[in-house]
Structures are given as structure tokens and as C-alpha cells.
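Chain letters run A, B, ... following the sequence lines, proteins first, then strands; residues in each count from 1.
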Amino acid sequence: MQLEFFDARIWRYLVSAISKVIEEGVFIVSPNEGMRFRAMDPSHVILLDMYFPKDSFETFDVGEEVRIGINFEDLAKVLRRAKKEDRLILESKDSTSFSITFKGKGERTFTLPVLDIVAEEIPEPQLEFKASIKIMSDIYRDTIKDVELIGDIVKFIASSEEFKIASSSEFGEAEIIYSRESGSIIDLEVEDVQEASYTLEYFTDLSGAARVADTITIRFSTDMPAEVIHEIPQGVVFKFLVAPRVE
Amino acid sequence: MGVNIREIIPPTAIKEVDLSALKYKEVAIDAYNALYQFLAAIRQPDGTPLMDSKGRITSHLNGLFYRTINLVEHGIKIVYVFDGKPPELKRIEIEKRRKIKSEAARKYEEAIKKGDLEAARRYAQMSSTLTEEMVLDAKRLLEAMGIPYVQAPSDGEAQAAYMARRGSVWAAGSQDYDSLLFGSPRLVRNITITGRRKLPRKNVYLEIKPEIIELETLLKQLGITREQLIAIGILVGTDYNPDGVRGVGPKTALKMVKAHGDPVKLLESLPRTEFPVDPIEIYEYFLNPPVTDEYRLEWRPPDEKRVYKILVEEHDFNPDRVGNALTRLRKAYNEFFRGRQLGLDAWLKKK
């Protein structure tokens, strides 16, 4: 199996974000679909889902389905060496190891062992989201940084007019409002008013992934899980679903 | 105290973690085990425990208060489980402990007379006893702090293991391994002593981290069943037969159990004189100890006035330190306990 991707940095930031939540997981590369990774954290609060469509690769040489057991911390360390303009080649010749090559000013190859682990079968979540908000990824990242200053719990409140993100603690309060008029919202679709709270840590841990996304779509309903979808160039999608907190 | 099977636990079955790995997890701590640790460790250089102006010991309250807050600040949902009436089986062990303590108390007096502070401290630690009044104070303090506690009908570790088995808590927390014999799916050790700790009689400090031992992993790695693990415990010595079987350490016990297969037959094959009580009775006790369903695990906001009254007004704690700790407790409560983090499983049901 050999895959070539145009921008190693996209891999770098996605894998680095994943490594903050999950230690190990399995990349599944299928000849018809592309590459997919789905996994939950040990406490089952968050579900990660990363998808690289077949067409997003410049080379997609896959005979039959390949499963690669990954230690994310190790892989993140290697990918941290990705330079601007580096392309990434992912290769697996046998079931015991795989290699990553950065193709830029030279070819730098790292070979890592494949972990002997089985991908957890995770059913598709059965959810209907009553609020959906699409914003630019830099606005999303700034928002998380703002809220992080104050508290550990983040509250989303969405109406047909605006999307409000709030947090409060002993330290103080933070309230960030994006209204339709402000122009920062690309898309806002909300039934009635939706309101839910989440543990901020999951958002901050994964906020690095937003660096390589163009836009972010947040979907949630009152006291239900929230889904944060990162729309990345070449049809690549990274999303996470996080369970709510209840009072 | 407790069954010591450390020697046969494969290092791969022990997961050393940071306190942060226990975030949002409920841990049922053996209260007596923790209180005795505080009582032994929190002392002045000559071994005198902390005392209030009326001469009442306060080491246990000091440990319980500050240590609990430290754990709660890490988002760990602590519940304390208190021993109830000791089972008749335990009489011999209790008698033995009482003798050790009175002997230690005598040696403490001698050491003080000789001016040997090292020895005095050591014997003072050994002679520490929890009185009924001290336990009552501990319970009152927990109530005021909003931390739940459970009164076990008999053995606290048995109750903690039962609560872990039915999923009320994530793990049992103790220094002893008994809760594994009682069937707790997980044991967390070192939780009340995590951090820098001085080695006894040496001027050396160790970094102590919590250890998680999973029963299933342990049994799998040893290639035995829980019933066989109980037999190993009895061969090595439990609270109900403290001396174990003469000449049998954990490694020999493991070999014997594996060679014999059936743990009951193995115990029956040994000379009855090796045991102060019928070993089968001990075996049955570990399998089916008295436990209760009557408990409620509810973390409430701290009643700061009451905590202040107990610690500062009744027991002369430093008001500033108590005030600061209460602020931390309130903050931790708001952060971790006021709301509840749900899991995704409810939304991931298979069609």
C-alpha cells in the first residue's frame, strides 16, 4: 500500500490533536473509499472521526483493505518534523511496520511499528441536531482561547439570530456572541433556542486541528452531544462528537 | 494488615498513572485504611500526632480534609467506606494488632526517656489507634464537606468491591489487595499518599503515583480464577488467618494453586492446624461477604460554616489555611460535581 498526500502539515496537526485524546487507534485504508479513523476516548465521552477520501490522495495504491495500528504519540512526534511544502507518503509493505516519508527538499523516511490492536466497532450515533452553525476556523480557534481564560465548562446557546458561547467561574465570566449581522457566521440554522454545556478540555485539546481547517460547523441540540466538523482542503473531514454535561 | 500478594503481581498488570487519569471517576476509598495512614504519617518530628488545645488527636482530620480536597481538585469523585462490625472471623487479627500496638506504646515511652527521637517516631506510628470518637469526627467532617460516605455492614473493602462490581463506583481505593479478592474489577493503590513521600528511616524521598490493577488483567496474566486468587490469599495470610500457612509465600502459593486446580480441595487438603479458623469459611467469606445496597452517592456543595466550626472552633486548625482550602473545595465542586459529564454510549446504541 502506498498513499501520497499533498500537504504533510494537515496530517501533522490532525494527528497531534488526536494524540491528546487517544493513545492508540487503527487507520483503515480501503481500496474503494479512502482512509478512515474512528475511535472513542477511554471514558467514552468523545468520538473522533477522521476521513481522507480516496480522491484526496495524489497516489492511492491500495490492493486490499489495510489496517494500521497506530500509537498516536509516536506518530505525532514524527509528524511534528513535517516542514511547510512537504508532501507525505504513507507506505505499508507488511503487517508489522509502516513508513512515513516527507518529500520536500529531500526524502526523509521514518519507519514505525504497527501495533497489534483491533479497531473498536463503534455504531453510528443516532442524533438529530437542532442547531447548526458554520464559522471560519480562525474565529472558532479564537473563541476557544477566549473561553479557556475563564472556565472549564463551555455553554453553547443558539437561536435563529445569534450563536453565543459562554463560560463562568470564580475567576469571572466570558461571553462571546456571533450574530447574523456581524458577518462572522457563514451559516446559521437553529430551531427555537438550543442550549447545552460541555467540558471545555475536549475542545481545547482538539483545537489544533482547526489550524488546517477552512471552516468549522458546530451542530448540537439542548442537553445533547455536540458535533464539531472540520472542513479541510481536498474533501478531508475531521469531526468529533462530545457528550454534554448536565446540571 | 490485608493480604499481601504484591510479589506475584506481574508488573505488566500494574498501571502507574497520574491523578488526572482518575478525573470524573468514582473511587470508593477504604476509610479506615486512609485514616490510619494519616494518623501514622501526619506527625511531629518526635512522633507526637497533631493535637488540639484540649489534647485531642487531629492528624486524621488534617489528612482527611486536605487530602480529600486535593483529590477532589483533580475531579476524582471520592466516596469513603467505613468498616462496620468486624466479622467473628477477624477476632484473631484484631487481638494481634492490639498486642502490637500496646507493645509499641510501651517502647515509645522507653524511646522518649532515652531521647531517641527516630525510634520514638517509629513506635508512635505503630501504636496509633483510631478511637470511636475520632471516626465520628471524620464522618461529621465528610458530611460538612459534602463528600459521601458509606457505612459497611462488615468489612469496608468488601463493601467497596461490591459497589465497584455493580458499577456504582469505578474502582476501590486501598493499599491492601483484599478488594481484588472480594471481586472489585479495579483497585487503585496509593491514592491517598500520591506525591513526594519520605522513605522510613532514610533521608530519601520517593515520587509516589497511583497504581491501577485490573482484576481481569491480573487473573489472565496469572492464568488463574478469582476463586484461586482467594486461595492464594488464604495460603499467604489474610486478616482472618494473619500468619498464613507456614513456609508458603506468594510464589509457592501460586504454584500450589495452579498444580491443584480446585481451590477448595487444595484448602481442604492442608492440615487444619495451619489455620486459626476453618479456611473454607474464610474462602466463603471472600466470595460472599455481608454487603448492603443502602447507600447514596451524592456529592453536595460544602457547608463551609460547619467545616469551619469543626476544624477551627472545635479543633484549633489554622483559620487561614482552612479558609483557603474551603475556597479550593468550593471551586472543585463547581467545576466537577455540580454538573455531570455524560458519556456518549446512550446515543450510540446499535440499531
Side-chain angles (χ1 to χ4, degrees), chain A residues 20-23 38-49 120-129 148 150-155 166-173 195-203 205 219-228 239-247, chain B residues 12 15-27 69 72-77 146 164 167 169-171 185-186 188 210 212 214 216-217 298-302 304 323-351:
Chain A
K20 291 191 177 143
V21 181
I22 289 173
E23 279 176 35
R38 285 179 90 223
M40 294 174 88
D41 73 312
S43 55
H44 282 204
V45 174
I46 190 163
L47 167 65
L48 304 184
D49 190 334
E120 192 186 355
E121 289 296 330
I122 306 163
E124 273 302 321
Q126 309 292 313
L127 284 166
E128 186 198 339
F129 299 105
E148 204 184 347
I150 299 296
D152 300 288
I153 296 167
V154 61
K155 194 174 201 174
S167 186
S168 67
S169 70
E170 302 253 309
F171 182 61
E173 282 177 28
E195 193 175 321
S197 295
Y198 305 93
T199 302
L200 184 60
E201 200 185 357
Y202 296 103
F203 292 81
D205 279 353
R219 306 201 292 166
F220 74 100
S221 310
T222 297
D223 292 339
M224 298 287 272
E227 186 176 56
V228 180
K239 55 186 184 180
F240 65 83
L241 183 74
V242 59
R245 296 179 61 98
V246 290
E247 292 298 306
Chain B
T12 45
K15 211 158 73 186
E16 209 183 80
V17 296
D18 291 320
L19 281 179
S20 61
L22 301 171
K23 197 177 207 175
Y24 299 123
K25 304 226 159 50
E26 307 86 6
V27 180
I69 291 178
V72 167
E73 271 186 313
H74 280 86
I76 307 169
K77 303 178 99 169
V169 297
W170 184 77
R186 267 177 226 94
V188 183
I212 301 173
E214 289 196 352
E216 209 188 304
T217 314
E298 198 185 21
W299 288 266
R300 286 172 292 102
E304 298 183 32
N324 286 339
L326 278 173
T327 309
R328 284 161 52 209
L329 178 62
R330 193 185 339 125
K331 186 169 177 292
Y333 171 81
N334 287 336
E335 198 174 319
F336 299 112
F337 300 163
R338 196 179 45 181
R340 198 157 54 88
Q341 172 67 59
L342 301 182
L344 278 177
D345 291 336
W347 290 282
L348 293 174
K349 295 234 171 74
K350 290 189 180 92
K351 270 184 210 167

*Can you tell which part of A:L241 gets under 4.5 Å to a heavy atom of chain B, answering side chain, backbone, both or neither?*
both

_Tell me every residue that passes side chain to side chain donor-acceptor pair (under 3.5 Å) with B:K23, counting only those two or more places apart in sequence or in another chain._
A:E201

*A:D41 side chain to A:I46 backbone, donor-acceptor under 3.5 Å*: yes

*Name the region of B:F336, side chain, backbone, both or neither, that has any atom closer than 4.5 Å to a heavy atom of chain A.*
backbone

*Partners of B:D18 by side chain to side chain donor-acceptor pair (under 3.5 Å), sequence neighbours excluded?*
B:K209

*Atom group of A:L127 that falls short of 4.5 Å from chain B, counting heavy atoms*: side chain

*asked:* Can you tell me how the ring of A:F240 sits relative to the ring of A:F203, calling it parallel under 30°, perpendicular over 60° and tilted otherwise?
replied: perpendicular

